[in-house]
Amino acid sequence: MTISDLCKKQNANLLVYPPQLDVYKDNLVDNYIFKIDDKNLQTGDLLGFIGKNESQLTIGTRFAKDGSDDYFLHYMLQKVFKINLLDLKHSTSEEKIFDFLVYMFPLYLKRALRQGLYKKYTHRDCNDANVRGTIDIPQHIKHNIPFSGNIAYKVKEYAYDNDLTQLIRHTIEYIRSSNMAYVLKTDADTEAYVSQICSITPSYRKNVLSGVIAKNLKSICHPYYTEYRMLQKLCINILHHKRLKYGIDDNRIYGLLFSGSWLWEEFLYKTVLSECGFFHPQNRSGKGCIYLFDKSNVDIDFVMSRCKRYPDYFKENCILDAKYKHLDNNRIDRNDMHQIISYMHVEKAGIGGFIFPTSQEDVTITKLGNLRGYGGWIYNIGVPIPKEEGTFAMFVAAMTNVLQELKEKILTLC
């Protein structure tokens, strides 16, 4: 069963990031989570947890010790989703699912609320003298006989206090009551948005959670509030984490999976390459593409629609490609090599390279060769991942030193 098969509606309790796998590189939607033969179980690009009923498979990075909390995976997630944590408490894999879900909450909260507060039509029962809707005869007879000046009526209004914002509020309160409440104070924007949600949901009641979840099982389809869809799904899975822990009924698949390639690519940009002046194109949003053809004197529709390309990172005279693969032996896949040569050619870049995680002890930059024709050097850049031989804080300190060394060497190279 491929990843795209698993992500169908009947597996709503399975979350895969990034959600738009069909626009990401390496044909992730057509990949399998793992393959098994008589002797070996081989995993692919995905990291995280997946289960069915009481059976669960945990997929960590290749740098994790057996039975460890996988410091490298936690570190990448915290940098990508902007969570600061200097200690990891020992936890079961089921508890890690909840932790990872909560890591993502601030990011998706900010993405959604940057589109504005979600509002929709709601129905409200009123009983006062300021009639603004349809008179409710049965309720009026029940509450206002003998007549005291009030009239019972129903009003339909455009309100911020609705099913979806109530779901977000319940998620906020649930996280507040957990040992991960600190994620709600990740930065000033997160704190402001949390406060905003709390202020617009005065009807919040803790004991109506089940009803709120039931009203949000159908994904919103508003053409403007697109970012709220993933936030809605994330909130439901956070609030359902006990169901994830003890298994889902009806043999449905559940869990949380991350693309290793996507996570590594975002991690490098947020920690090092953005500070080195690189631009990070976004395939999903169509931003930052390069064109294979000049836009003048050609079929402009063809160029604009079919000839866009999205290098992982580029700046003047330098293009880099993030690879989560084993590249220590400098044996590059032919398609990867052809791709970066094409990018270098159309951008007239003199430097190109592949940047990948390695078990070596130092940052290594290896020259693969100088291209014929227009020329240009291609490099392999190995990023050492510290061994998990102490606490998570020790790992963070070692990784900080590695990233600083990487930054200095890339600035020298490019």
* How are the rings of Tyr75 and Phe267 set relative to one another: parallel (under 30°), tilted (30 to 60°) or perpendicular (over 60°)? -> perpendicular

When every non-hydrogen atom of Ile355 is compared with those of Trp264, the smallest separation belongs to O-NE1, 3.2 Å

**Prompt:** Taking side chain as C-beta onward, heavy atoms only, is Ile381 less than 4.5 Å from Ile365?
**Reply:** yes

* To do: Let me see the working for Phe258 and Met104 under side-chain contact (heavy atoms from CB on, under 4.5 Å), right down to the final yes or no.
  => CA-CA 11 Å; Phe258 302 92; Met104 294 182 285; 3.7 Å; yes

Margin query: Is it the case that the side chain of Tyr71 and the backbone of Pro386 share a donor-acceptor pair, with hydrogens and angles ignored and the cut-off at 3.5 Å?
Written below: no

(request) Kindly assign one of parallel, tilted or perpendicular to the pair Tyr269 and His280, based on the angle between their ring planes and the thresholds 30° and 60°. (result) tilted

Original post:
Tell me, do Tyr324 and Thr61 make a side-chain contact under 4.5 Å, heavy atoms counted?
Top reply: yes

Task: Short side-chain to backbone donor-acceptor contact, Asp128 and Asn150, under 3.5 Å - done: no

Rounding to 0.5 Å, atoms CG (Leu320) and SG (Cys414) come to a distance of 5.0 Å

Taking Cys198's backbone N and O only, do any of them form a donor-acceptor pair with Arg169's side chain (distance below 3.5 Å, no angle check)?
yes

| task | Please examine the side chains of Asp189 and Leu113, heavy atoms only from C-beta on, and report whether any two atoms are closer than 4.5 Å. | result | no

Is a salt bridge present between Asp187 and Lys110, judged by a nitrogen-to-oxygen distance below 4.0 Å?
yes

Asn380 side chain to Leu368 main-chain N or O, any donor-acceptor pair under 3.5 Å? no

**Study point:** Exceeds 12 heavy-atom contacts within 6.0 angstrom, atom CD of Glu316
**Key:** no

Interatomic distance, CD1@Ile197 vs OH@Tyr160, rounded to 0.5 Å, equals 11.0 Å

- prompt: Can we say Lys323 and Asp336 salt-bridge, meaning some charged N sits less than 4.0 Å from an Asp/Glu carboxylate O?
  reply: yes

CG of Leu268 to OG of Ser274, rounded to nearest 0.5 Å, is 10.5 Å

Looking at side-chain heavy atoms only, is the closest gap between Lys409 and Leu413 below 4.5 Å? no

Would Phe105 and Leu184 count as a side-chain contact (heavy atoms from CB on, under 4.5 Å) here? Give the steps.
CA-CA 8 Å; Phe105 181 75; Leu184 301 177; 3.9 Å; yes

In short, Gly382 meets Thr358 closest at the heavy-atom pair C-CG2, 3.6 Å

For Leu117 and Gln196, the nearest pair of non-hydrogen atoms, with its separation, is CD1-NE2, 3.8 Å

How about His326: does its NE2 atom have over 12 heavy atoms from other parts shown lying under 6.0 Å from it?
-> no

task = Check whether any side-chain heavy atom of Gln166 sits under 4.5 Å from a side-chain heavy atom of Ser203, and report yes or no.
result = yes

Can any side-chain N or O of Tyr313 pair as donor or acceptor with the backbone N or O of Glu265 at less than 3.5 Å? yes

- Do side-chain atoms of Thr201 reach the backbone of Tyr204 as a donor and acceptor pair under 3.5 angstrom? no

| Does NZ or CZ of Arg62 fall inside the cone over Phe72's six-membered ring, less than 6.0 Å from its centre and within 45° of the axis? | no

**Asked** Hey, mind stepping through Ile378 and Met337 against side-chain contact (heavy atoms from CB on, under 4.5 Å) and telling me if it holds?
**Response** CA-CA 9 Å; Ile378 296 182; Met337 183 64 78; 3.7 Å; yes

Rounded to the nearest 0.5 Å, the CG atom of Leu403 sits from the CD atom of Glu408 at a distance of 11.5 Å

Sub-3.5 Å donor-acceptor pair from the side chain of Asn127 to the main-chain atoms of Ala152, do we have one? yes

query: With no hydrogens and no angle check, is any side-chain donor or acceptor of Asn216 less than 3.5 Å from a backbone partner on Asp163?
result: yes

message: Less than 6.0 angstrom separating the ring centers of His74 and Phe100, yes or no?
response: yes

_Is it the case that the side chain of Tyr224 and the backbone of Gln115 share a donor-acceptor pair, with hydrogens and angles ignored and the cut-off at 3.5 Å?_
yes

**Asked** Is a side-chain donor or acceptor of Ser195 paired with a backbone partner of Ala192 at a separation under 3.5 angstrom?
**Response** no

What one should report as the nearest heavy-atom pair of Ala112 and Tyr228 is O-CE1, 3.2 Å

Practice problem: Step through the shown structure and confirm whether more than 12 heavy atoms of other residues, nucleotides or ligands are within 6.0 Å of CZ on Arg114. | Solution: yes

CD1 (Ile236) and CG (Leu101) are apart, to the nearest 0.5 Å, by 12.0 Å

Would Leu263 and Leu73 count as a side-chain contact (heavy atoms from CB on, under 4.5 Å) here? Give the steps. CA-CA 9 Å; Leu263 197 57; Leu73 177 57; 3.6 Å; yes

For Val402 and Pro384 the tightest heavy-atom approach is CG1-O, 3.4 Å

When rounded to the nearest 0.5 Å, the distance separating CG of Asn162 from CD1 of Ile220 is 9.5 Å

### Task
For residues Leu107 and Val80, determine if any side-chain heavy atom of one lies less than 4.5 Å from a side-chain heavy atom of the other.
no

Q. Salt bridge between Lys407 and Glu275, side-chain N to carboxylate O under 4.0 Å?
A. yes

Quiz item: Are the side chains of Tyr225 and Lys119 in touch, meaning some heavy atoms are under 4.5 Å apart?
Solution: yes

Discussion item. Within the 4.5 Å heavy-atom criterion, are Lys120 and Leu164 side-chain neighbours or not?
Written reply: no

Heavy-atom nearest pair, Lys348 first then Asn317, reads O-OD1, 3.8 Å

